[in-house]
Structures are given as C-alpha cells and as structure tokens.
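All figures in this text were calculated on a predicted structure; none of them were measured in a lab.
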Amino acid sequence: MTTITAAEDASAIATRKRRPVSGSRSSTTTALLMLLPAAVLLITFLLIPIGLTFGLAFTNARLISPRPAEFIGTDNFVRLFQDETFWASLRNTIVFAVVIVPLQSACALGLALLVNVKMRGVNFFRTVYFLPVVTSMVVVSMLWLFMYQKNGLINQVLLKFGIVGPDWLGDPHTALLAIILMSAWQAMGFHMVIWLSGLQTIPGDLYEAADLDGADTWQKFRYVTWPGLRATRTFILITITISAFALFTQVNIMTQGGPLDSTSTLVLMAVRTGFQQQQTGYASAISLAFFVLVLAVTLVNRYITRDKDVVR
C-alpha cells in the first residue's frame with residue numbers, strides 16, 4: 001500500500017509539473033499573436049523602407065520611369081557632396097538644432113517654474129501655454145505666415161515703438177530666425193509639461209532644508225531644483241533634438257526652402273528631390289546622409305547624458 005501511495009504521489013507531482021508548461025506555451029502563443037500586428041506595421045513601414053533606402057541610394061532609380069534602375073555605385077554621393085543646396089540644407093538643419101534646443105528648453109523651464117505653484121487660476125495658464133501644442137502645425141504655420149508678412153501683426157506692433165520691421169520670410173538673413181521663433185513657441189508648452197512633471201517629483205523637504213540654511217531663490221534652483229531635474233533634462237534634450245532634425249512642415253508651408261535656400265533642410269530637400277523631381281535614387285542618398293547625421297548626434301547625446309556614476 002505504501003508503494004502504491006508513493007507511486008500515486010509521484011504521478012500527481014509529475015502531472016502538476018506538466019500543466020504550467022502547457023499554460024506557458026499558451027501564454028507565449030497569445031503574446032506572439034498580440035505582437036503580430038505591431039510587428040507587421042514595423043516591418044512594413046520601418047524596416048522595409050530603411051532597406052530600400054540603403055539599396056536605392058546606389059542606383060539611378062526614378063519614381064516614374066520606363067527604364068529599370070541601374071547600379072551606379074557612389075555617383076549619388078559624389079553628386080551630393082558637390083551640391084550647394086545640400087550643404088546649405090545641412091547648415092540650416094544644424095543651426096536650427098543648435099539654437100532651438102537651448103532656447104526652447106530654457107523657455108519651457110521658465111514657464112514650468114511659473115505654473116508650478118498652488119494658486120487659483122494656475123490651471124488656466126497651463127492650458128493656455130499648452131494650447132499651441134494641440135493645434136495643427138499646418139494651422140500654426142499659416143497663422144504665423146500672415147503675422148510675418150511685411151504689413152503683418154508683428155511689424156505693426158514694432159511700428160508702434162518706432163521700429164520698421166523687416167520682411168521676415170522674404171529676407172535670407174531673417175527667414176530662418178523667424179521659423180526658429182515660431183517653432184520654439186509652438187512646442188514650448190509640450191516641454192513645459194515635461195519640466196513640470198519633473199519639478200513635482202522633487203521632495204519638498206529639500207526646499208525646506210534650503211530655507212533653513214538661508215538659501216535664496218537662485219541657490220535653491222542651483223543646488224536643489226536643477227540637480228533634481230537630471231533625468232528630465234536628458235529626456236528634454238533627446239526629444240527636442242529629434243524634433244529639430246525632423247524640421248519640415250513649417251518650412252514647407254512658410255518658405256518652401258527659400259529665399260535662396262536660406263531655410264532649406266535635409267528633410268525638405270529629400271522630399272522635394274524624391275517626389276517633385278522624382279529622383280528616387282538621389283533622394284535616398286540624401287536620406288542616408290541624414291541618417292548618418294542623426295546617428296552621430298544620437299551617439300553624442302548618449303555620451304553627454306550618460307550616467308557618470310555607472311561609468312566610474
């Protein structure tokens with residue numbers, strides 16, 4: 001009887017051990033089925049276009065042509081490096097990113113500090129500051145296009161102070177600056193919310209301790225607020241940099257890259273070359289150069305924002 005009981009117990013234990021394996025396989029299958037739609041979209045709209053870009057960059061492919069694409073080696077890149085429009089677009093893209101990152105992040109931080117208070121009506125101001133973010137970029141660009149006209153609202157306001165405003169979008173010296181100011185204003189509210197979320201994670205005890213030590217407003221910001229926003233700073237830097245290099249809509253609507261390519265960007269140049277001029281191979285070479293630029297900037301960002309304590 002003892003032997004039979006032990007055998008039954010062993011059989012029951014073995015049966016219980018097998019059941020989780022079946023459940024685990026079922027869970028794995030369910031998880032794979034749930035991931036399938038996302039995987040199909042990822043492959044269709046990301047991996048395949050990237051592969052085509054790398055392949056077409058070395059051909060003379062055209063968007064609509066009776067002739068099949070031919071392999072031409074690095075001719076597209078040789079042409080690219082000799083193209084003055086490419087260098088102008090590269091310069092404009094870098095200038096835009098270098099200026100917009102500190103300007104937009106600093107203004108957004110200032111707004112976040114202003115609305116990070118407990119008082120009646122503060123939610124109204126948070127909504128007002130965030131409103132441009134939820135407004136279509138096309139609408140915002142059209143609005144500022146009218147404001148930037150020679151007899152537009154901005155010049156009319158300047159005229160009240162005795163200042164004759166320039167032709168903002170028609171002058172090569174001010175066109176890019178005008179787009180920078182508009183872009184900083186439009187996305188400022190989004191990064192204000194991110195800064196605000198970071199500010200609200202800083203313990204209030206730190207500010208109380210700073211008050212007991214006699215710290216003034218600047219010292220509290222320098223030694224309490226700014227170090228407490230380290231993770232938020234990293235996220236802000238990455239998101240603004242990515243958005244800056246993807247500049248397209250504002251330029252396409254307001255200036256179309258002019259005047260004299262003073263506002264042309266790499267994304268605008270690639271789209272215009274590929275769809276308007278139908279030079280798919282050359283546009284792929286531009287996109288590949290843009291990919292290398294973004295990759296280099298990403299690596300620099302990763303180095304700057306690395307966790308130094310972990311490195312040590």
Could you give me the CA-CA distance, side-chain angles and deciding distance for L196 and R126, then say whether side chain to side chain contact (heavy atoms under 4.5 Å, CB included) is met?
CA-CA 10 Å; L196 185 61; R126 292 178 182 178; 3.8 Å; yes

Can you sort out the partners of F245 under ring-ring contact (aromatic ring centres under 6.0 Å, His included), two or more places apart, ordered by chain and number?
none

Are there over 12 heavy-atom neighbours, none belonging to Q200, within less than 6.0 Å of that residue's CD?
yes

Table please: side-chain donor-acceptor pairs of residues 35-56 below 3.5 Å, with sequence neighbours left out.
unit_1 : atom_1 : unit_2 : atom_2 : d
T44    : OG1    : V40    : O      : 2.7
T53    : OG1    : P49    : O      : 2.8

Donor-acceptor contact below 3.5 Å, side chain Q256 vs main chain I253:
yes

From L266 atom CG to T273 atom OG1, the distance as rounded to the nearest 0.5 Å
10.5 Å

Heavy-atom closest contact (M254 atom, S141 atom, distance)
CG-O, 3.8 Å

Under the ring-ring contact (aromatic ring centres under 6.0 Å, His included) rule, collect the residues that match up with F77, sequence neighbours excluded.
F58

Closest non-hydrogen atom pair between R62 and Q277, with its separation
NH2-O, 3.3 Å

Throw together a table of side-chain donor-acceptor distances under 3.5 angstrom for residues 98-122, partners on residues two or more places apart or in other chains.
unit_1 : atom_1 : unit_2 : atom_2 : d
Q104   : NE2    : H191   : ND1    : 3.0
S105   : OG     : V101   : O      : 2.6
S105   : OG     : P102   : O      : 3.2

For A175 and S262, the nearest pair of non-hydrogen atoms, with its separation, is CB-OG, 3.9 Å

How long is the span from the OG1 atom in T265 to the CD atom in Q250, to the nearest 0.5 Å?
9.0 Å

Quick one, F290 and V294 - any side-chain contact, counting heavy atoms below 4.5 Å?
yes

Main chain of T59, side chain of N76: is a donor-acceptor contact present, judged purely on distance under 3.5 Å?
yes

Nearest atoms (heavy-atom pairs only) where T249 meets M137
CG2-CG, 3.6 Å

Residues forming a ring-ring contact (aromatic ring centres under 6.0 Å, His included) with W185, sequence neighbours excluded
W144

Testing the basics here: between V128 and P132, what is the closest heavy-atom pair and its distance to 0.1 Å?
O-CD, 3.6 Å

Has D213 got a side-chain atom pairing as donor or acceptor with A215's backbone, closer than 3.5 angstrom?
no

Between atom CD1 of I179 and atom CG of L169, what is the distance when rounded to the nearest 0.5 Å?
6.5 Å

Regarding Y282 and D83, do their side chains bring together a donor and an acceptor under 3.5 Å, going by distance alone?
yes

Would a single hydrophobic cluster contain both W87 and F96, if residues Ile, Leu, Val, Met, Phe, Trp and Tyr are joined by side-chain heavy-atom contacts under 4.5 Å?
yes

Taken to the nearest 0.5 Å, the spacing of M269 CE from N92 CG works out to 11.5 Å

Without swapping roles, check the side chain of S197 against the backbone of I194 for a donor-acceptor pair under 3.5 Å.
yes

Does V133 share a hydrophobic cluster with I238, counting links as ILVMFWY side-chain heavy atoms below 4.5 Å and allowing steps through other members?
no

Backbone N or O of L176 within a donor-acceptor pair of the T263 side chain at under 3.5 Å?
no

Beyond-backbone contact of R233 with W226, side-chain heavy atoms, under 4.5 angstrom:
yes

Has Q219 got a side-chain atom pairing as donor or acceptor with D216's backbone, closer than 3.5 angstrom?
yes

Would you please name every residue forming a side-chain hydrogen bond (donor to acceptor under 3.5 Å, both in side chains) with Y148, sequence neighbours left out?
none

Using modelled atom types only, decide if a donor and an acceptor are shared between the side chain of N151 and the backbone of Q156 within a distance under 3.5 Å.
no

Taking atom CG of L80 and atom CG of D75, what is their separation to the nearest 0.5 Å?
12.5 Å

To the nearest 0.5 Å, what is the distance between CG on L153 and CE on M147?
5.0 Å

Run the side chain to side chain contact (heavy atoms under 4.5 Å, CB included) check on K220 and D211 step by step: do they pass?
CA-CA 8 Å; K220 286 190 288 186; D211 289 330; 3.1 Å; yes

